[in-house]
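Input: a single structure, listed below in structure tokens.
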Protein chains: 2
Amino acid sequence: MPSIGETSKRTGVKVPTIRYYEQIGLLPAPGRSAGNQRVYDAAMLERLAFIRHARDLGFPLSDIQDLLAMADDPDRSCAAADVIATRQLASVKARIARLTALQQELERMLTQCSHGTIADCRVIEVLGNHDLCTQDHTG
Amino acid sequence: MPSIGETSKRTGVKVPTIRYYEQIGLLPAPGRSAGNQRVYDAAMLERLAFIRHARDLGFPLSDIQDLLAMADDPDRSCAAADVIATRQLASVKARIARLTALQQELERMLTQCSHGTIADCRVIEVLGNHDLCTQDHTG
DNA sequence: CCTTGAACCTCTAGTGACTAGAGATCCTAT
DNA sequence: ATAGGATCTCTAGTCACTAGAGGTTCAAGG
């Protein structure tokens, strides 16, 4: 029965983060040793691995809460899980689009800079004057 | 001489955010009217527009602090500004790469889902078992 | 001149998802 | 028996805001 440190190593979730998940109710409170230290079983390790993976995929903890509740209830329709994943996909796509616009603007700023003094610096100038942008990177 | 509300409208920075920037020292304290209300001048509006634009481009406030200090000192070399912008560009590129991997994984999860019950749901299953991923989307 | 209501003021606390630190206790190996 | 690392609880800090309470000021209409 692994300690919190061992559990952390096996799942890749940091020790304080595991305690944090317990505190906010995402993980049930584990058993305790005679000396009051947390002891995790296999089901708990799986649950943590699930959380870790979903976090890696960018799901917010509130969504993970919902997904865990579904995983605990295998007979239900998975439509709700699809909704959450679809929403997450849309959010990821939106962020990519936005970041791509930023990337182009930053590259343009940097290639136009003649590396002289601040007075002639294209980086500073563009930041001060949005009209110099080609991309719409607002919003 | 615009009030904080007018300034907000002109720069697109929300009123509480303007006060917040003043509080953390990013914006100097403006003048006040007879009734103790903030009054902004043209230089202040420019400074706020600069901040707004840099935030849109994803710069953290600490970097913006540095960029503003440079903008105030036009004779200096712009090398430091280049360093900040280059760092920001690298960070944006890294985020795009990561998000693109996530996007592919999410799309794969969703296309494989047969829309039945949770027990057969590919979304839930993939989340519970990282070995089912093709992409390396960790880190 | 008076009133209404929007805009303004300060201050505190909450968000998400942790992270850091203090100070105490426990466990393992020598 | 002791040294050290790991664990415990608790509080506070991070980033960039956002929300709310409770009070004041300003501009317009009557």
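Hydrogens, waters and symmetry mates play no part in the numbers below; they use all other heavy atoms, side chains included. Order of the sequence lines sets the chain letters (A, B, ...), proteins ahead of strands, with each chain counted from 1.
OP1 or OP2 of dT7(D) sits under 4.0 Å from a side-chain N or O of S3(A). Checking the phosphate oxygens (OP1, OP2) of dC15(D), no side-chain nitrogen or oxygen of S62(B) falls inside 4.0 Å. Taking only side-chain nitrogens and oxygens, R38(B) never comes nearer than 4.0 Å to OP1 or OP2 of dA7(C). Phosphate contact (OP1/OP2 of dA17(C), side-chain N/O of Y21(A), threshold under 4.0 Å): absent.
Expressed to the nearest 0.5 Å, how far CG of L127(A) lies from CG of L67(B) amounts to 6.0 Å. Within the model, atoms CG of L110(B) and CD of E105(B) stand 10.5 Å from one another, a figure rounded to the nearest 0.5 Å. In this structure, the separation between CD1 on I84(B) and OG on S62(B) is 8.5 Å, given to the nearest 0.5 Å. In this structure, CG in L57(A) is found 6.5 Å from CE in M109(B), a value given to the nearest 0.5 Å.
Residues D120(A) and S114(A) come closest through the heavy atom pair O-OG, 4.3 Å.
Using a 4.5 Å heavy-atom cutoff, the side chains of L48(A) and S8(A) are not in contact.
Counting any heavy atom pair closer than 4.0 Å across all strands shown, I4(B) reaches sugar-phosphate atoms only and no base atom. Counting any heavy atom pair closer than 4.0 Å across all strands shown, F59(B) reaches no nucleic acid atom. Residue R19(B) is classed as a base contact, given a heavy-atom separation below 4.0 Å to a base.
The listed nucleotides are dC18(C), dT7(D), dC17(D); the one nearest the side chain of L61(A) is dC18(C). The side chain of V15(B) lies closest to dC8(C), out of dC8(C), dC8(D), dC17(D). Picking from dC17(D), dT9(D), dC9(C) the nucleotide with the shortest atom distance to the side chain of R32(A) gives dT9(D).
Atoms CG (L27(B)) and P (dA16(D)) sit 15 Å apart, rounded to a whole Å.
Around atom CD of Q112(B), more than 12 heavy atoms belonging to other residues, nucleotides or ligands sit under 6.0 Å away. Counting heavy-atom neighbours within 6.0 Å of E6(A) CD, excluding the residue itself, gives a total above 12.
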Between protein and nucleotides 21-30 of chain C, what N or O pairs are separated by less than 3.5 Å?
{"residue": "dC27(C)", "atom": "OP1", "partner": "G35(A)", "partner atom": "N", "Å": "3.0"}

Review item, nucleotides 18-21 of chain D N/O atoms under 3.5 Å of protein N/O:
{"residue": "dT18(D)", "atom": "OP2", "partner": "T17(B)", "partner atom": "OG1", "Å": "3.4"}

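L45(B) and I18(B) sit in two unconnected hydrophobic clusters of ILVMFWY residues. Membership requires side-chain heavy atoms under 4.5 Å apart, directly or through other members.
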